[in-house]
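Letters A, B, ... are given to chains in the order of the sequence lines, protein chains preceding strands, and every chain is numbered from 1. Values below: every heavy atom of this structure, side chains too, minus hydrogens, waters and symmetry copies. Computed from a predicted structure; not experimentally measured.
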2 protein chains.
Amino acid sequence: MRQAKNRIAELEGILREGGVRVTRQRAAILKILAEAEDHPDASELHRRAKEIDATVSLSTVYRTLSALEQQGVVQRHAFENATARFETADAPHHDHLIDIETGAVIEFRSDKIEQLQAEIAAELGYDLVRHRLELYCRKRKD
Amino acid sequence: MRQAKNRIAELEGILREGGVRVTRQRAAILKILAEAEDHPDASELHRRAKEIDATVSLSTVYRTLSALEQQGVVQRHAFENATARFETADAPHHDHLIDIETGAVIEFRSDKIEQLQAEIAAELGYDLVRHRLELYCRKRKD
DNA sequence: ATGCAAATGAGAACCATTTGCAACTAGCTA
DNA sequence: TAGCTAGTTGCAAATGGTTCTCATTTGCAT
Ligand SMILES: [Mn+2]
Ligand SMILES: [Mn+2]
Ligand SMILES: [Zn+2]
Ligand SMILES: [Zn+2]
């Protein structure tokens with residue numbers, strides 16, 4: 001809990017630095033995001049945030065997510081035919097494996113792949129700015 | 001040209017096999033797709049198809065693309081905040097590098113990455129069904 | 001040629017996300 | 001501490017790519 005509080009305070013600090021006001025609504029959304037262990041979409045975040053502050057509107061959730069994304073505090077994912085999902089951007093970079101039966105999202109990281117991507121871009125005369133790697137899988141049955 | 005004609009005939013054959021009628025509109029869309037060297041979206045395909053058959057409607061473009069996708073003849077891509085783009089699925093598998101300044105799409109393939117992906121899925125207890133790998137890049141300036 | 005299930009065009013519907021606007025309010029100022 | 005004001009909010013309407021509805025047309029097997 002101490003952990004989470006620090007993290008939230010830190011995030012709020014980043015916002016204030018960026019000239020973004022920390023309103024009641026934004027604090028609620030930020031707390032939800034900081035505590036989330038999954039990859040909720042806007043309406044799920046809305047549902048959760050309302051438990052903290054019932055006045056939060058879906059519009060504000062969207063506006064806040066855009067602001068947080070712009071501040072680099074939140075990351076947006078657009079998985080295959082699904083609404084956008086979000087997570088805080090404080091964890092080290094990772095990519096995602098999506099279970100196509102259950103929708104479960106599993107995180108992973110491959111330094112080899114990360115490096116290969118940069119090499120490929122370089123070979124083609126480009127600098128890699130960001131990438132998207134998603135594995136759509138089915139649980140192995142043996 | 002011979003090449004293209006064969007390819008189109010072949011694609012039409014696949015459709016008939018699948019019990020999908022080859023209409024005037026579908027033939028036009030198929031021809032455009034077979035000749036396309038880029039990754040056009042639905043409205044661009046519509047624009048091009050109308051030059052062959054002016055009656056083609058955007059609805060039919062969408063419906064045809066869905067049908068072709070289901071037959072495995074066409075592949076749909078949903079790049080970062082952009083409309084869906086399409087290409088025939090007869091070329092060997094490849095992934096895409098997107099120039100974030102110009103929007104240009106460049107194809108590439110890395111057998112190493114392909115293999116690593118399968119390994120990662122396996123390690124997590126999954127079978128890789130399909131994946132999405134996109135590199136968002138900026139032209140290197142030196 | 002005929003019959004009929006499949007396909008079409010036009011426009012309405014969908015739906016996640018964005019936006020306009022009048023009422024609030026965070027946070028600096030005096 | 002009260003006041004000021006630009007940033008923020010809730011609500012509702014707008015957006016825009018894509019899908020759907022339905023009356024009409026058409027591919028194609030017989
Ligand atoms: Mn994640
Ligand atoms: Mn391609
Ligand atoms: Zn990665
Ligand atoms: Zn690939």
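Distance, A:Asn81 CG to C:dC15 P: 14 Å, rounded to whole Å. The distance from atom CD of A:Glu12 to atom P of C:dA26 is 13 Å, rounded to the nearest whole Å. For the pair A:His77 NE2 and C:dT17 P, the computed distance is 14 Å after rounding to whole Å. The CG-C1' distance, from B:Leu65 to C:dA7, rounds to 15 Å in whole Å. In this entry the distance linking NZ of B:Lys50 with C1' of C:dA10 reads 14 Å, nearest Å. Atom-to-atom, CG of A:Leu45 to P of C:dA16 comes out at 15 Å; the value is rounded to the nearest Å. Atom CG in B:Leu58 sits roughly 9 Å away from atom P in D:dT18 (whole-Å rounding). Distance B:Glu69 CD to D:dT18 P: 12 Å, rounded to the nearest Å.
The backbone N or O of B:Glu80 lies less than 3.5 Å from a partner atom in the side chain of B:Tyr136, making a donor-acceptor pair. When atom types are taken as modelled, the side chain of B:Arg26 and the backbone of B:Arg21 share a donor-acceptor pair closer than 3.5 angstrom.
Side-chain N/O atoms of B:Ser59 and base N/O atoms of C:dG11 include a donor-acceptor pair closer than 3.5 Å. With hydrogens and angles ignored, a donor-acceptor pair closer than 3.5 Å exists between the side chain of A:Arg63 and the base of D:dG10.
In this structure, B:His94 and B:His96 have perpendicular ring planes: the angle between them is above 60°, well past the 30° mark.
At least one side-chain nitrogen or oxygen of A:Thr55 sits closer than 4.0 Å to the OP1 or OP2 atom of D:dG10. Between B:Ser57 and C:dA10 there is no side-chain N or O to OP1 or OP2 distance below 4.0 Å. At least one side-chain nitrogen or oxygen of A:Tyr62 sits closer than 4.0 Å to the OP1 or OP2 atom of C:dT17.
Projected onto DNA chain D by closest heavy-atom contact, A:Arg26 and B:Ser66 fall at different nucleotides, the more 5' of which corresponds to A:Arg26.
A:Leu30 CG to A:Thr64 OG1: the interatomic distance, rounded to the nearest 0.5 Å, is 9.0 Å.
B:Ala122 approaches A:Arg140 most closely through the heavy-atom pair O-NH1, 3.2 Å.
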Please tabulate the protein-to-nucleotide N/O contacts below 3.5 Å involving nucleotides 27-30 of chain D, giving atom names and distances.
{"residue": "D:dG27", "atom": "N2", "partner": "B:Arg21", "partner atom": "NH2", "Å": "3.0"}
{"residue": "D:dC28", "atom": "OP1", "partner": "B:Val22", "partner atom": "N", "Å": "3.2"}

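With 3.5 Å as the limit, one finds a donor-acceptor pair spanning the side chains of B:His93 and B:Glu114.
Salt-bridge annotation for A:Arg48 and A:Glu35: absent, with no side-chain N of the basic residue lying under 4.0 Å from a carboxylate O of the acidic one.
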